[in-house]
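Read the structure below first, then the notes.
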Amino acid sequence: MTRQVDVLVVGGGPAGLVAASLLAVTGARVEVLERERRAGGVPRHCAHRGFGNWPRALTGPAYARLLADAAVRAGADVRTGVTALDWAGPRTLTTVGPRGAQTLAARAVVLATGARERPRAARLVPGTRPAGVYTTGELQQAVHLYGQHIGTRVVIVGAEDVSYAAADTARTAGADVVALVTDRPRAHTAPARALDARLRRRIPLLTGATVTGLLGHGRLSGVRVRHRDGRTATLPCDTVVFTGDFVPDHELARRGALTLDAGTRGPGVDGALRTSRPGVFAVGSLLHAVESAGTAAREGAYAATAVRDWLTDAEWPASVPLTAHAPLRRIVPNRVTPADGLPYLLRTAAPLTRPVLQVTQNGRRLHRERPGPRTVPPDRPLTLPACWTHRVDPRGGPVHVTVV
């Protein structure tokens with residue numbers, strides 16, 4: 001038997017919960033499917049502060065509880081331990097959970113399935129298969145959710161913001177951080193944070209180095225490292241954490257034959273967060289792995305307005321592709337309609353000094369702007385306002401964003 005709801009939200013992280021809250025409070029029948037035992041997404045196991053609004057910043061778990069409780073109070077049915085398996089129609093999903101297998105049909109579907117870090121196997125790191133190998137999310141859950149012992153000597157693979165968060169988690173668990181290892185020439189975090197880790201916390205940073213193998217049987221005993229100049233070394237440790245290298249959790253989008261964007265590897269969306277399938281929206285880290293929880297929550301709020309419009313008018317306007325060119329790595333949204341108003345988020349693969357962004361279509365310049373920062377390091381976000389979208393020809397060719 002197929003059960004009918006107005007809006008089905010797949011994923012109970014910040015984006016999905018905010019969208020569900022704002023839709024449920026209007027009287028819509030909203031159901032949230034979350035495969036974990038508790039809703040809240042990644043913030044559930046991020047013990048540090050910085051979530052929510054300054055100056056009342058919350059810890060990750062407190063922020064997750066706040067969003068989940070708000071969705072329930074608004075009237076949304078938040079179901080945990082439920083996995084969406086596949087599509088059974090344009091807006092119909094088969095699921096499995098504590099109530100068994102079910103089929104849910106909705107007038108609108110919001111995909112908020114998030115992102116994940118690529119584990120050791122996906123990074124093709126050879127060696128044995130010992131205990132003590134984690135991603136950041138696995139480490140944080142083991143320490144903050146389950147209070148597990150993780151080891152005493154930890155090597156962190158990566159030197160991004162999330163890598164330093166993993167180092168903090170390891171230290172919280174009583175372990176020593178042997179080193180952060182990155183194949184890049186420098187740390188990709190705020191200079192003050194990198195300096196604090198190196199000088200005050202005595203954590204070495206090995207740049208231009210790659211982990212080429214894991215050692216040990218039963219339990220990890222060390223990692224083999226190769227430097228860019230060919231030198232090799234072994235770092236004794238009993239725990240290794242692979243950080244960063246996020247990919248969108250797009251399995252459901254792919255099985256639904258939604259058009260995926262080559263830059264983000266998530267569903268292609270326009271400025272109303274509409275995908276290529278009418279009635280199906282996508283939000284949060286599924287679109288950009290990975291921005292902040294605040295960014296995901298804002299997108300959830302924006303998507304709620306777009307879903308309400310769809311439920312009222314059932315219109316799905318055509319959009320044209322929006323492509324960001326090197327050294328820009330990606331742009332979200334990555335399709336455009338003349339009515340779009342959501343600002344665009346970009347990431348750069350190389351450092352930029354006083355960059356100027358130019359938007360063109362069919363050789364015609366639509367917009368030209370210099371973003372705020374004088375220098376933009378790699379993997380830092382850039383924002384492009386949507387004040388130019390009314391100039392887009394919906395019957396024209398792709399829109400291009402370049403650095404000039």
Side-chain angles (χ1 to χ4, degrees), residues 35-37 41-42 44-47 81 83 85 96 113-184 203-228 230-252 254-255 265 285 289-290:
R35 65 187 176 192
E36 299 288 342
R37 291 189 299 173
V42 170
R44 290 182 310 118
H45 48 78
C46 294
T83 300
L85 298 175
V96 66
T113 49
R116 63 182 185 274
E117 289 170 299
R118 296 173 73 231
R120 168 259 183 104
R123 304 183 197 213
L124 303 179
V125 178
T128 56
R129 301 181 64 182
V133 181
Y134 296 87
T135 61
T136 308
E138 292 169 341
L139 176 76
Q140 291 175 333
Q141 290 192 45
V143 173
H144 298 308
L145 295 187
Y146 305 116
Q148 296 175 351
H149 175 70
I150 62 162
T152 58
R153 290 175 58 81
V154 181
V155 169
I156 308 291
V157 181
E160 308 170 30
D161 288 340
V162 68
S163 312
Y164 286 87
D168 291 341
T169 300
R171 288 168 54 87
T172 298
D176 293 326
V177 180
V178 176
L180 285 91
V181 181
T182 177
D183 58 356
R184 297 176 175 178
I203 300 176
L205 172 63
L206 304 183
T207 59
T210 306
V211 172
T212 59
L214 304 187
L215 308 174
H217 295 276
R219 180 78 194 191
L220 185 74
S221 63
V223 297
R224 188 176 294 113
V225 174
R226 184 180 65 242
H227 295 270
R228 186 164 295 166
R231 291 179 297 117
T232 61
T234 297
L235 301 179
C237 63
D238 56 14
T239 304
V240 62
V241 185
F242 290 92
T243 68
D245 200 359
F246 288 92
V247 293
D249 205 342
H250 64 193
E251 179 66 16
L252 200 59
R254 189 181 62 79
R255 292 191 66 84
R265 292 181 283 181
S285 293
V290 68

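- Thr169 places a side-chain N or O within 3.5 Å of a backbone atom of Ala165 that can act as its donor or acceptor partner.
- The heavy-atom pair separating Ala289 from Ala115 by the smallest distance is CB-CB, 3.4 Å.
- Of the residues Asp245, Leu124, Thr135, the one that meets the side chain to side chain contact (heavy atoms under 4.5 Å, CB included) test with Arg118 is Asp245.
- Arg226 places no side-chain N or O within 3.5 Å of a backbone atom of Gly230 that could act as its donor or acceptor partner.
- Applying the 6.0 Å contact sphere to CZ of Arg255 captures no more than 12 heavy atoms from other residues, nucleotides or ligands.
- Using a 4.5 Å cut-off on side-chain heavy atoms (C-beta onward), Val162 and Glu117 make contact.
- Scanning both residues, His227 and Ala209, for their nearest heavy atoms gives ND1-CB, 3.9 Å.
- For the atom pair Glu138 CD and Leu145 CG, the distance stands at 12.5 Å (nearest 0.5 Å).
- Among Asp176, Asp238, Thr239, the one residue that satisfies the side chain to side chain donor-acceptor pair (under 3.5 Å) test with Thr152 is Asp238.
- Using a 4.5 Å heavy-atom cutoff, the side chains of Arg184 and Glu160 are in contact.
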Passes side-chain contact (heavy atoms from CB on, under 4.5 Å), Cys237 versus Leu220? Steps please. CA-CA 7 Å; Cys237 63; Leu220 185 74; 3.8 Å; yes
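- With Thr212 contributing its side chain and Arg224 its backbone, the two residues share a donor-acceptor pair below 3.5 Å.
- With hydrogens and angles disregarded, no donor-acceptor distance shorter than 3.5 Å links the side chain of Thr232 to the backbone of Val225.
- At least one side-chain heavy atom of Ile150 sits under 4.5 Å from a side-chain heavy atom of Tyr134.
- Under the 3.5 Å distance criterion, the side-chain polar atoms of Arg228 are matched with a main-chain donor or acceptor of Asp183.
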Test side-chain contact (heavy atoms from CB on, under 4.5 Å) on Val143 and Gln148; report intermediate values, then the result. CA-CA 5 Å; Val143 173; Gln148 296 175 351; over 6 Å; no
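- A 4.5 Å side-chain heavy-atom check between Arg219 and Pro130 finds every atom pair outside the cut-off.
- When all heavy atoms of Ala170 and Val154 are compared, the pair lying nearest together is CB-CG2, 4.1 Å.
- Here CZ of Arg35 is found 4.5 Å from CG of Asp249. Values are rounded to the nearest 0.5 Å.
- Listed here is the closest heavy atom pair of Val181 and Thr210: CG1-N, 4.4 Å.
- Contact annotation: the side chain of His250 never approaches that of Thr113 to less than 4.5 Å [non-hydrogen atoms, C-beta and beyond].
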Residues Val240, Val157; criterion side-chain contact (heavy atoms from CB on, under 4.5 Å); working and verdict: CA-CA 7 Å; Val240 62; Val157 181; 3.7 Å; yes
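- Put simply, CG on Asp168 and OG on Ser163 are 11.0 Å apart, with the number rounded to the nearest 0.5 Å.
- You'll find the side chain of Thr182 reaches within 4.5 Å of the side chain of Leu205, heavy atoms only.
- Annotation: side chain of Leu180 is in contact with side chain of Ile203 (closest heavy-atom distance under 4.5 Å).
- In terms of heavy atoms, Ala166 sits closest to Val241 at CB-CG1, 4.2 Å.
- The minimum heavy-atom distance linking Arg120 with Thr128 is given by the pair NH2-O, 2.8 Å.
- Going from atom OG1 of Thr136 over to atom CD1 of Ile156 covers 7.0 Å, rounded to the nearest 0.5 Å.
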Does Leu235 form a side-chain contact (heavy atoms from CB on, under 4.5 Å) with Leu206? I'd like the steps, not just the answer. CA-CA 11 Å; Leu235 301 179; Leu206 304 183; 4.0 Å; yes
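- Gln141 places a side-chain heavy atom less than 4.5 Å from the side chain of Tyr146.
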